[in-house]
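Keep in mind that what you see is a predicted model, and the values were worked out from it rather than measured. Chain A is the first sequence line, chain B the second, and so forth, proteins listed ahead of strands; every chain is numbered from 1.
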2 protein chains.
Amino acid sequence: MSLRFALLAMLTSQPMTGYDVYKNFETSVGYVWHAPDSQIYPELRRMEQDGLIRGEKVPWGRKGTKKRYEITVDGVAAFRAWLNEPPQYTRERDPLRLRAAYLEWAEPDAGRQFFRDHIDYHCGRIRDWEDMIRTLRDHTNPTLARRLEGQPEDEWQRIVEYKVFAYEGLIERARAEVAWAERGLALVDRLER
Amino acid sequence: MSLRFALLAMLTSQPMTGYDVYKNFETSVGYVWHAPDSQIYPELRRMEQDGLIRGEKVPWGRKGTKKRYEITVDGVAAFRAWLNEPPQYTRERDPLRLRAAYLEWAEPDAGRQFFRDHIDYHCGRIRDWEDMIRTLRDHTNPTLARRLEGQPEDEWQRIVEYKVFAYEGLIERARAEVAWAERGLALVDRLER
DNA sequence: TTATGCATGTAATTGGTTACATGATTCA
DNA sequence: TGAATCATGTAACCAATTACATGCATAA
């Protein structure tokens, strides 16, 4: 159900086509919530039917058209309502911890590789998010720039700070993952000869 | 797909009925991977068809019967193979970070409540996992006790340590969440008056 | 003019949630 | 005897993944 609100979030910055949204899911908001095109297009149509967004055919090239979606007053209200209500937490479902808990059944080298891959993966994510924070702070992020255009300048700080803070949360969690995996490498060396 | 391996993991300790498995999902392995009964019973049947487990009807009371599942040689091989192969990482999908990124649209008090709930939730989880680690270390955890029975004593340390380590990973991540949410409370106070 | 990018979809399947349903057993 | 627990399911639904499919626009 969060996909709907990820889409609304994106459309609060500016009107977009389905493809624009899809591209943004690869970069900005996509670092927090990813969705494939096959999920985006149908969801946008459902949201239009529910009156949260309004689609408008605009010409594209000589014969082509594309559909640009714009958030409605109802859409903004639904987005605010979602933000104001408490989120529900889902039960734990953690495939990596599940693996780690049973590493005594694995080859020692597979265990080591698991932790090394885990470190690499999260270090990569951390770099992506740090880059993201940089483009948010210096306003070079195109989606953010468009968003700020539509807002009074004294709102800019709040808008930027919440986004930076969200990415910092991802980074902190990823750092905890890296620290854990490093201890994991040491543990394998200690337990297996 | 991890459900299947969570079930295999559980059945490496001892034969169990579907209901036993379901109960264990509420406590031990359930802190890492949760599943409802409506998912467990059909999956066990599929796993039996695939030859990973073998079901045996055993009498229960005077007229009743129940089905006890036991892992097969093929099941153990499949479990080991899963542990030896590298996991695939899924794209980010984080509803809480999504919310946090757009808190400028929420009521300030809703933002504060969001972070307070976040802290409470994760502190609760940390306590559960710390209790879990205690019962693993002192071998009072019933599932672990059964598992150790079937294994030579010089294997006990490895078995226990990997499980403790997995729960420590969950705790470290949860602590990162708490620290983040505490900074979040301060941020709301700074940005909203 | 051809490759790349823009644009939009359908279909099948998997994994998971929620709700509903039933009956036997055990213990207080 | 009645409540709690043990035992096992079905059905409808939703969210997400994977694969397949098409065609226009633009720039090198």
Side-chain angles (χ1 to χ4, degrees), chain A residues 1-8 15-27 29-30 32-50 53 55-69 82 87-95 98 142, chain B residues 1-8 15-27 29-30 32-50 53 55-69 82 87-95 98 142:
Chain A
M1 193 68 302
S2 294
L3 171 61
R4 174 161 291 208
F5 298 103
L7 295 173
L8 285 178
M16 288 183 189
T17 66
Y19 190 75
D20 291 335
V21 168
Y22 168 62
K23 283 284 122 174
N24 271 267
F25 265 68
E26 301 265 283
T27 55
V29 190
V32 177
W33 194 275
H34 172 262
D37 54 350
S38 66
Q39 210 187 349
I40 291 169
Y41 288 109
E43 183 63 27
L44 286 171
R45 269 177 274 142
R46 278 191 292 269
M47 288 164 72
E48 187 178 17
Q49 284 192 333
D50 294 347
I53 58 178
E56 188 196 7
K57 275 219 166 69
V58 294
W60 173 55
R62 298 198 299 127
K63 320 192 284 180
T65 61
K66 56 184 180 178
K67 202 164 181 186
R68 183 158 49 210
Y69 291 101
W82 175 70
Q88 81 247 53
Y89 289 83
T90 55
R91 301 290 294 268
E92 214 62 44
R93 216 171 302 103
D94 187 335
L98 176 62
Chain B
M1 194 67 299
S2 294
L3 171 61
R4 174 161 289 207
F5 298 102
L7 295 173
L8 285 178
M16 289 183 189
T17 67
Y19 189 75
D20 291 336
V21 168
Y22 168 62
K23 284 284 121 174
N24 271 267
F25 264 67
E26 303 264 283
T27 55
V29 190
V32 179
W33 194 274
H34 172 263
D37 54 351
S38 67
Q39 211 188 348
I40 291 170
Y41 288 110
E43 183 63 26
L44 286 171
R45 268 177 276 141
R46 278 191 292 271
M47 288 164 72
E48 186 178 17
Q49 285 192 332
D50 293 347
I53 59 177
E56 187 195 8
K57 274 218 166 72
V58 295
W60 173 54
R62 297 201 299 129
K63 321 191 282 180
T65 61
K66 57 185 179 176
K67 200 164 181 184
R68 184 157 49 209
Y69 290 101
W82 175 70
Q88 82 248 54
Y89 289 82
T90 56
R91 301 291 294 266
E92 214 62 43
R93 214 172 299 106
D94 186 334
L98 177 61

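- Distance NZ (A/K66) to P (C/dG5): 16 Å, rounded to an integer number of Å.
- To the nearest 0.5 angstrom, A/K57 atom NZ is 13.5 Å from A/R68 atom CZ.
- Across all strands, A/R45 comes closer than 4.0 Å only to sugar-phosphate atoms, never to a base (heavy-atom distances).
- Between B/G64 and A/T17, the residue whose closest nucleotide on DNA chain C is further toward the 5' end is A/T17.
- Using a 4.0 Å cut-off, some side-chain N or O of A/R93 falls inside it from OP1 or OP2 of C/dT17.
- Rounded to an integer number of Å, the gap from CD of A/E43 to P of D/dT17 is 13 Å.
- Straight-line distance from the NZ atom of A/K63 to the C1' atom of D/dT26: 15 Å, rounded to whole Å.
- Here B/R68 lies out of heavy-atom contact (under 4.0 Å) with every strand.
- Using a distance-only test at 3.5 Å, with no hydrogens or angles considered, a donor-acceptor pair links the side chain of B/D20 to the main chain of B/T17.
- The nearest whole Å value for the distance from the CE atom in B/M47 to the P atom in C/dG15 is 13 Å.
- The distance from atom OH of B/Y19 to atom C1' of C/dT25 is 11 Å, rounded to the nearest whole Å.
- Along DNA chain D, the nucleotide nearest to A/W60 and the one nearest to A/L3 differ in position, and the one closer to the 5' end is contacted by A/L3.
- Between the P atom of D/dA21 and the OH atom of A/Y41 lies a distance of 19 Å, rounded to the nearest Å.
- Nucleotide D/dA15 holds its P atom 9 Å from the CD atom of A/Q39, rounded to whole Å.
- Put simply, the side chain of B/N24 never gets that close to the backbone of B/V21: no donor and acceptor are under 3.5 Å apart.
- Between A/E43 and A/R46, at least one side-chain nitrogen of the basic residue sits less than 4.0 Å from a carboxylate oxygen of the acidic one, meeting the salt-bridge criterion.
- Among the atoms of the strands shown, only primed sugar atoms or phosphate atoms (P, OP1, OP2) are found under 4.0 Å from some heavy atom of B/D20.
- Note that CZ of B/R45 is 13.0 Å distant from CG of B/D50, once rounded to the nearest 0.5 Å.
- Between A/D37 atom CG and C/dC6 atom C1' the separation is 12 Å, expressed in whole Å.
- You'll find a donor-acceptor pair under 3.5 Å spanning the side chain of A/S38 and the base of D/dT18, going by distance alone.
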